[in-house]
Every structure is written in structure tokens, then in C-alpha cells.
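Within every chain, numbering begins at 1; the chains are lettered A, B, ... in the order of the sequence lines, protein sequences first and strands thereafter.
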2 protein chains.
Amino acid sequence: MLSFFTVDCVILTFHEGILKILLTERNEYPYKDWWALPGYFVDKGEEMEDAVKRIAYESTGLKDIYLEQLAAFAGIKRHPEGRILTVAYIALVRYDDVKNKIKPVTNYMRQAKWFDVNSLPELAFDHKQILNLSLINLKKNINFSMSPFELLPEKFTLTQLQQIYEAILLEPLDKRNFRKKILNLGYLKELEEFQTGVSYRAARLYKLDKKKFQKLFP
Amino acid sequence: MLSFFTVDCVILTFHEGILKILLTERNEYPYKDWWALPGYFVDKGEEMEDAVKRIAYESTGLKDIYLEQLAAFAGIKRHPEGRILTVAYIALVRYDDVKNKIKPVTNYMRQAKWFDVNSLPELAFDHKQILNLSLINLKKNINFSMSPFELLPEKFTLTQLQQIYEAILLEPLDKRNFRKKILNLGYLKELEEFQTGVSYRAARLYKLDKKKFQKLFP
DNA sequence: ATTTAATAGTGTAAAAAATACACATTATAT
DNA sequence: ATATAATGTGTATTTTTTACACTATTAAAT
């Protein structure tokens, strides 16, 4: 009599100033044809995190993505066929890494598609609630986790970073104050490289010094 | 084929400047006779939080205690008989409320006993790891959650509050600065009452203004 | 009545961090 | 050359944090 449960992934990325979430169209009952978080049963001999990675891979084509456990959801009525516990994870991916991936198809999902987090279809199960908690969580932890950098390419501009903060915090930030503060933290490396392919003044690129970051937030 | 899982409670209290955790002596295999977090299987028709409340009641005699979900643990090898997922909760109780309760006995636990969090017996399963994560979590959230007040009686002195901060943060704090800061937050009500029964100058009592607190940290 | 012991309670100066706010600069496209 | 679109920068003010030491009060002991 072992545990039988699912994992669900809140897979987020950032593009054009907006947080996007990956949803899959279910190909199984219950909620067949509904949009839902990518998720499935954890195999008997499979570690939970491996299941999350497998599902994230099946829906994005990416391996080695950033994961954090969000919470377990076990409401008796969350699943119409009886209580199925799910452990929800937050996964953050870079838009550049996923934009050209062919969306894979598995038995249990017909397609995967990115949605603006602010304009979503109705979701299966309690997945809307799981997403809401994810966004609250992200907001709460933005200053102590690497999450903003997991949404950015290795080299990024300060404006891009600021936009992610704004999208997560849901409020505009002052450019000068934002830069002063973030540079003062001391974990950004200023590069001698600049944006390319823009029709206006190219911005300087920065990258995260992970060692310094982790010294500050162990 | 529904979910079958346990909940485990990290029940903490505060007494004489030290965080204490409630452990139970197991009366069931595996780990029979070991000390472990209070925890048990969630019944089929029982909501997870209700199971936590039930177990916390069975081990402390208290109802309506403060609870927060910590995380799910599902390592394949965490349970010697095969993977049993557990959802860990943090529970905070007031020492005054529990000190005189008779320790209840159930089928699955022989006795319950308070231990200093810094001087523990070896624990069953991965319970040491669960406790460690709890303490990290508490420390991280001390400034944004009501946790310090859940460990104090309704009316408390600023010194008591400071001691809880110190025990959770694992560092000494300056008395004047602590008072200035905490009073500045504006959610403590100064009472016209004082400590009794002490053989030195009696300290003023304060209480938490929950409305103001929740306005600040919704 | 006086002393002792134990903790409560208090202020200020200096440093650091947060906030509010506006314009010149640069690269490209036309 | 000019228009356009975003980059990049400084200062004054306020707020918060930090460092630091002595007097006040009470009960118990003498």
C-alpha cells in the first residue's frame, strides 16, 4: 500500500514584458480536452523530482530546468474520481530556450501552449488556485531567490531584469532607483558587451555572479 | 486507486528562551520505539488539514492551533516499506497552553515529550531533515508571519518577544534597536498592565493588533 | 532601613538604504 | 540631417539601521 500521487508543474517564462505559463490540453478523463498544468502520476520507482523533470521535459523539450516545490494539494474534492494528492512545482525557463522547441505530444496531453498569466482559459481541477499561489510565492521570494535570472538569458540588460521584477511584483519601478539598488547588491557582473539587433541605442549586458549571489542568500 | 499518504507535524513551542519540539515515541513498526514527529495516515474521507489538526490534538490536547504547510516529502527510500509520501506541517503552540496537558496516548504513539530543538534524540524516517527545513523556514519568514506571536501568550513583554526572535534567528539582538523597530511597525498595542510574580521590576505587557498586522502582511 | 540582585526602560549620533524626480546620450531608420 | 526610441545617469531628502551605556524599579536578603 504505497503512495500514489501526481505532480503538477507551473512552468513560467517571460516574453515581451509578460509572464507566460505553459498549459497542456488534456487527452484523458477527467477534464479531457481542458487546459491544465502539465502534470501526471509519479511512477512507482521514480523520485518525485525526477517525475517533475520528466513532465517538464515532455512539455517543453528542456532538461535541467529550475524547480522549486510549491505545495501539496490534497482536497478530497479536487479530483472528481476521488482524492488524488498532487505536489505542485514551480519551474522557470528562458523564453529563448523554449521558443523554437517543437511541442511534444504524449498520450496524456494533446498539445502544449503558452498563455499570458493574465488571460487564461478555464483550468482543470484546482489548477487555477495552484497558479495563483505560485504567483504569490514568486512575488514573496523574488528578492531572495534566483528566479528573475532563471527567466533571463545568461547575458541580459538591466531593463530586461527590471521588466521581470515589474511583472512579478505587479508594480512599476523607478529606473534609476532600481539600477542603483540592484547594482549595489554586488552580484551582477557588468560586461563589455552590448545588445545587438535593436534600432536604438544598444544597452549594456550584465550577467549574474552566482557565487556572490549564493554567498548572500545561502 | 486513491492517494494514500501521511502528515507529520513539527509542533514547536517556546519556553525559557529555548524552542522546543514535541516528539512522540512510536508504537508501530517501522521505527517502533523511536522518537518521531507526531504524524499518521490521513483517513480516506478526511481533509489533510483536519488530519493534521487531529494528530496535533492527539499529541498536545489542543484544538485550533496555528498551522502552515511546510512541504511534501516523497523520497523512495524515506520509508523502509516503500515510498510513503508525507506532507509536513509546522504548528506553533503556546507553552502556557500545553504545559499542564496530560500527554495523551494513542495506538500509534506511546508518549509525547518536549525536547530542546538543539538537543534531540535520533529521529525516525527523514524527520530530522523535516525539522531542519522547518527551522530554516521559520527564520526566513519570521518578519512576515505571525509566528512569533503564536508562541507567546496573548499579553507578553517585549523581552519575551525578543527572545523568540533570537531563538529563531540564532543571533542576539540589541534591546534598544529591537524595541524601536518592532514598536515602529505599529502593530503592537501597549497595555496598562504589567508582569506579575517577578522579583524584579515588572515589565509592561503588550498585545498584537491582528488587524493592523494583517493590513501590513496580507 | 539599607543593600543587593535582577531586569526594565530609555536617546542620540552616524551610516546606510530608500525614495522622488528630469534630462542629455546614443544608435538606427528615414 | 532629422526623427525616433530607448539608454544611462545624480542629487537632495527621508527613512531605516546600527552602535552604544546608563538610570529606574522591584523584591528579596541582610
Side-chain angles (χ1 to χ4, degrees), chain A residues 14-18 139 142-144 148 152-153 155-207 212-213 215-217, chain B residues 14-18 139 142-144 148 152-153 155-207 212-213 215-217:
Chain A
F14 185 76
H15 183 55
E16 291 176 339
I18 292 170
K139 188 170 169 179
I142 187 172
N143 284 308
F144 317 108
L152 285 171
K155 301 172 182 181
F156 50 83
T157 69
L158 294 182
T159 300
Q160 288 173 316
L161 182 59
Q162 181 177 342
Q163 283 170 344
I164 286 179
Y165 270 78
E166 291 175 335
I168 292 176
L169 296 176
L170 303 173
E171 64 183 8
L173 301 174
D174 176 84
K175 184 159 56 152
R176 281 175 290 188
N177 293 341
F178 177 77
R179 284 164 183 240
K180 199 190 313 173
K181 186 170 166 178
I182 202 91
L183 291 174
N184 240 329
L185 293 172
Y187 55 67
L188 291 190
K189 270 199 265 236
E190 180 179 295
L191 302 177
E192 291 308 317
E193 295 174 60
F194 295 81
Q195 247 180 337
T196 54
V198 289
S199 73
Y200 45 79
R201 177 174 178 181
R204 180 184 291 276
L205 297 174
Y206 290 79
K207 64 186 219 185
K212 287 188 183 164
F213 185 91
K215 229 176 245 178
L216 279 168
F217 305 106
Chain B
F14 184 77
H15 183 55
E16 290 175 341
I18 292 171
K139 187 171 170 180
I142 188 172
N143 284 308
F144 316 108
L152 286 171
K155 301 171 182 181
F156 50 83
T157 70
L158 293 182
T159 299
Q160 289 173 317
L161 183 59
Q162 181 176 342
Q163 284 171 343
I164 286 180
Y165 270 78
E166 290 174 336
I168 292 176
L169 296 176
L170 303 173
E171 63 183 9
L173 301 174
D174 177 84
K175 183 158 59 152
R176 280 175 292 189
N177 292 340
F178 176 77
R179 283 164 184 242
K180 199 190 315 172
K181 187 170 165 177
I182 202 91
L183 291 174
N184 239 331
L185 293 172
Y187 54 68
L188 291 189
K189 269 199 270 241
E190 180 180 295
L191 303 177
E192 291 308 318
E193 295 175 60
F194 295 82
Q195 249 181 336
T196 55
V198 289
S199 73
Y200 43 79
R201 177 174 178 180
R204 181 185 289 277
L205 297 174
Y206 290 79
K207 63 186 222 185
K212 286 189 184 164
F213 185 91
K215 230 176 243 177
L216 280 168
F217 305 107

I need the residues from residues 157-166 of chain A with at least one non-hydrogen atom less than 4.0 Å from DNA chain D; give them sorted by number, or say none. A/T159
Which residues share a salt bridge (charged side-chain N to carboxylate O under 4.0 Å, His left out) with A/E16, sequence neighbours left out: none
Solution key, residues 197-204 of chain A side-chain donor-acceptor pairs under 3.5 Å, sequence neighbours excluded:
{"from": "A/R204", "atom 1": "NH1", "to": "A/L191", "atom 2": "O", "distance (Å)": "2.6"}
{"from": "A/R204", "atom 1": "NH1", "to": "A/E192", "atom 2": "OE2", "distance (Å)": "3.4"}

Heavy atoms only: give me the nearest A/I164-A/P148 pair and the separation to one decimal. CD1-O, 3.6 Å
List the residues meeting ring-ring contact (aromatic ring centres under 6.0 Å, His included) with A/F178, not counting sequence neighbours, and say none if there are none. A/Y165
Hits for side-chain hydrogen bond (donor to acceptor under 3.5 Å, both in side chains) against B/Q195, two or more places apart or cross-chain, chain-then-number order -> none
Table of protein N/O atoms under 3.5 Å from nucleotides 24-30 of chain C N/O atoms:
{"from": "C/dT25", "atom 1": "O2", "to": "A/R201", "atom 2": "NH1", "distance (Å)": "2.9"}

Quickly work out the A/F194 CZ to D/dT7 C1' distance and round it to whole Å. 10 Å
With A/K155 via side-chain hydrogen bond (donor to acceptor under 3.5 Å, both in side chains) - residues at least two apart: A/E193
Can you sort out the partners of A/K181 under side-chain hydrogen bond (donor to acceptor under 3.5 Å, both in side chains), two or more places apart, ordered by chain and number? none
Would you please name every residue forming a side-chain contact (heavy atoms from CB on, under 4.5 Å) with B/K189, sequence neighbours left out? B/K207, B/D209
Sorted by number, residues from residues 169-185 of chain A placing a heavy atom under 4.0 Å from DNA chain D are A/K175, A/R176, A/R179, A/K180
Return a table of donor-acceptor pairs under 3.5 angstrom between the side chains of residues 166-176 of chain B and protein atoms on other chains or two or more places apart.
{"from": "B/E166", "atom 1": "OE2", "to": "B/Q162", "atom 2": "NE2", "distance (Å)": "3.1"}
{"from": "B/E166", "atom 1": "OE2", "to": "B/L173", "atom 2": "N", "distance (Å)": "2.8"}
{"from": "B/D174", "atom 1": "OD2", "to": "B/R176", "atom 2": "N", "distance (Å)": "3.1"}
{"from": "B/D174", "atom 1": "OD2", "to": "B/N177", "atom 2": "N", "distance (Å)": "2.8"}
{"from": "B/D174", "atom 1": "OD2", "to": "B/N177", "atom 2": "ND2", "distance (Å)": "3.4"}

Using the test side-chain hydrogen bond (donor to acceptor under 3.5 Å, both in side chains), find all partners of A/T159 that sit at least two apart in sequence or belong to another chain. A/R179
